[in-house]
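Input: a single structure, listed below in structure tokens.
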Number of protein chains: 2
Amino acid sequence: MSPTTDAAVSPLLTEGVAEAAETEAATKNLVFVAAERLFALHGFQNVSVRDITAAAGVNLASVNYHFGSKDALLLEIFRRRTAELNRERARMLHEANDRHAGKPTVRDVLAALLTPPLRWLAPDHERRISLQFLIRARSEGTDDIRQILKTDVSHLRRFSDALLIARPDLSPEDVYWRLHFTLGMLHNNRFAEFDRLNVLSEGTTSEGDVVALLARMLAFAEAGFAA
Amino acid sequence: MSPTTDAAVSPLLTEGVAEAAETEAATKNLVFVAAERLFALHGFQNVSVRDITAAAGVNLASVNYHFGSKDALLLEIFRRRTAELNRERARMLHEANDRHAGKPTVRDVLAALLTPPLRWLAPDHERRISLQFLIRARSEGTDDIRQILKTDVSHLRRFSDALLIARPDLSPEDVYWRLHFTLGMLHNNRFAEFDRLNVLSEGTTSEGDVVALLARMLAFAEAGFAA
DNA sequence: GTCTATACTACGATAGAC
DNA sequence: GTCTATCGTAGTATAGAC
């Protein structure tokens, strides 16, 4: 499996090098993908390093070699997916800014915040498993992740600033608290919570229609901001 | 330490028996209290059975003997504290029903739902540690607890029914979804989320004033229901 | 540099002595 | 009822193969 040896032994030098380079990246990526999926489906604590490496078809020590530890693996997946999600949000906010000459409405700001995660939530979306991972990592995660959630507000700053501009009549505390409540609405969209809602409503609610869900959430949050 | 041995050796038979009976109940309770506190402060996964029994001053096997397993211990604490909290909520809803001849306002219903947990949240409240435990158990808990959260809606039924009566003009789906959003606001009141809010607002927000927080939440949720 | 086999430590759980 | 010894499994560290 060693690239140097393969290249030296094999007469097909270029192919050997190419394979080696792919293998290097491939092993790490196999672990990454298998771990994200298993964590999303069964939870961090219910998935062992042995489960991950078995599913990925790699050696047990691969996790520690490529990521340092099981915790660090979780953190790396969390960071990458969070960055992707926040990039989509920032882009939507930017577009709203352009449309409204730097002063978008409360609804536009909230839409930029809520739409990307709800898009990922759609049953047929390619990022659905990633969102499920993020949801579980956020609540079941390690102390590292909890620390990030506590202190990293850089991606939220853009949104709170835009809301302060949209509602200059409100005190900053009011704006921050209402943003906090809106995030609570969003983060409560775990699959367990949907199940409970379905039991309570006896099946009349359907979270599969993410467009309708987004409309409901926006209406509720916008009303909360208007009060 | 063995009660039988003590009673047989000691001339003070009754005292030995009494001590034994007290010890039986006391040991279980010592474990219960120590576990709740440690789980609340450090999280379920970060606290070992050895930590709990050491803090309680009892033998390692006590957890398994009195509760069956570490998971079952968590579940028993969760059940007891949840029952206490929901009893307070039900009492408040009952009082609101009495005041309004069986048709309380949306605000009254929401107040009955939100006030008890926010009372427990107060810095000097005797149940503050229990609420912190419940918050952590809800998000970091075992599959048993997740299953309960998914399927047990009996305590919520009272509130959804009252809301359906208060707003007969809304479709049941609307009511269920808005209740879901309101619960999201409430469940987002974890200590980590408060910390982030404080960072974002640069210290101008204060969750210590639970009366003001309750007023803010009620105003936001009521507006969401009014829309 | 990567990968593999293997050993080490800590955990929850349990059987059997008392 | 309580305690000790021990088991299986987990995450991790490391020596050596390639």
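Please read these numbers as outputs of a predicted model, since none were measured by experiment. Below, chain A is the first sequence line, B the second, and so on; all start at residue 1. Reckoned from all heavy atoms, side chains included, excluding hydrogens, waters and symmetry mates.
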(message) When you compare the side chain of A/Phe220 with that of B/Thr182, does any pair of heavy atoms fall below 4.5 Å?
(response) yes

Would one find a side-chain N or O of [X] under 4.0 angstrom from OP1 or OP2 of [N]?
X	N	value
A/Tyr65	C/dT2	yes
B/His66	D/dT2	yes
B/Ser48	C/dA10	no
B/Asn59	D/dT4	yes

(request) Can you figure out which of D/dT2, C/dT14, D/dT12 approaches the side chain of B/Ala61 most closely? (result) C/dT14

What is the separation between atom [atom1] on [X] and atom [atom2] on [N], rounded to the nearest whole Å?
X	N	atom1	atom2	result
B/Leu38	C/dC11	CG	P	13 Å
A/Asn64	C/dT4	CG	P	14 Å
B/Arg50	C/dT9	CZ	C1'	11 Å
A/Asp51	D/dT9	CG	P	12 Å
B/Asp71	C/dA13	CG	C1'	11 Å
A/Leu60	C/dC8	CG	P	16 Å
A/Asn46	D/dG11	CG	C1'	15 Å
B/Lys70	C/dA13	NZ	P	8 Å

(message) Quick check against the 3.5 Å criterion: does A/Lys70 have a side-chain atom that pairs as donor or acceptor with the backbone of A/Phe44?
(response) yes

I'd like to know if [X] and [Y] make a salt bridge, using a cut-off of under 4.0 Å between side-chain N and carboxylate O.
X	Y	result
B/Glu84	B/Arg87	no
A/Arg196	A/Glu193	yes
A/Glu88	A/Arg127	no

(request) Would you please enumerate the stems DNA chain D participates in, each stem being three or more consecutive Watson-Crick or G-U wobble pairs with both distances under 3.5 Å? (result) C:1-18 with D:1-18

(message) I'd like to check the side-chain contact (heavy atoms from CB on, under 4.5 Å) partners of B/Asn59; sequence neighbours left out, ordered by chain and number.
(response) B/Ala61, B/Ser62

(message) Mind checking if A/Ser69 touches a base, just sugar-phosphate, or nothing, with heavy atoms under 4.0 Å?
(response) sugar-phosphate

(message) If we count only N and O atoms by modelled type, under 3.5 Å, do the side chains of A/Ser130 and A/Glu36 hold a donor and an acceptor together?
(response) yes

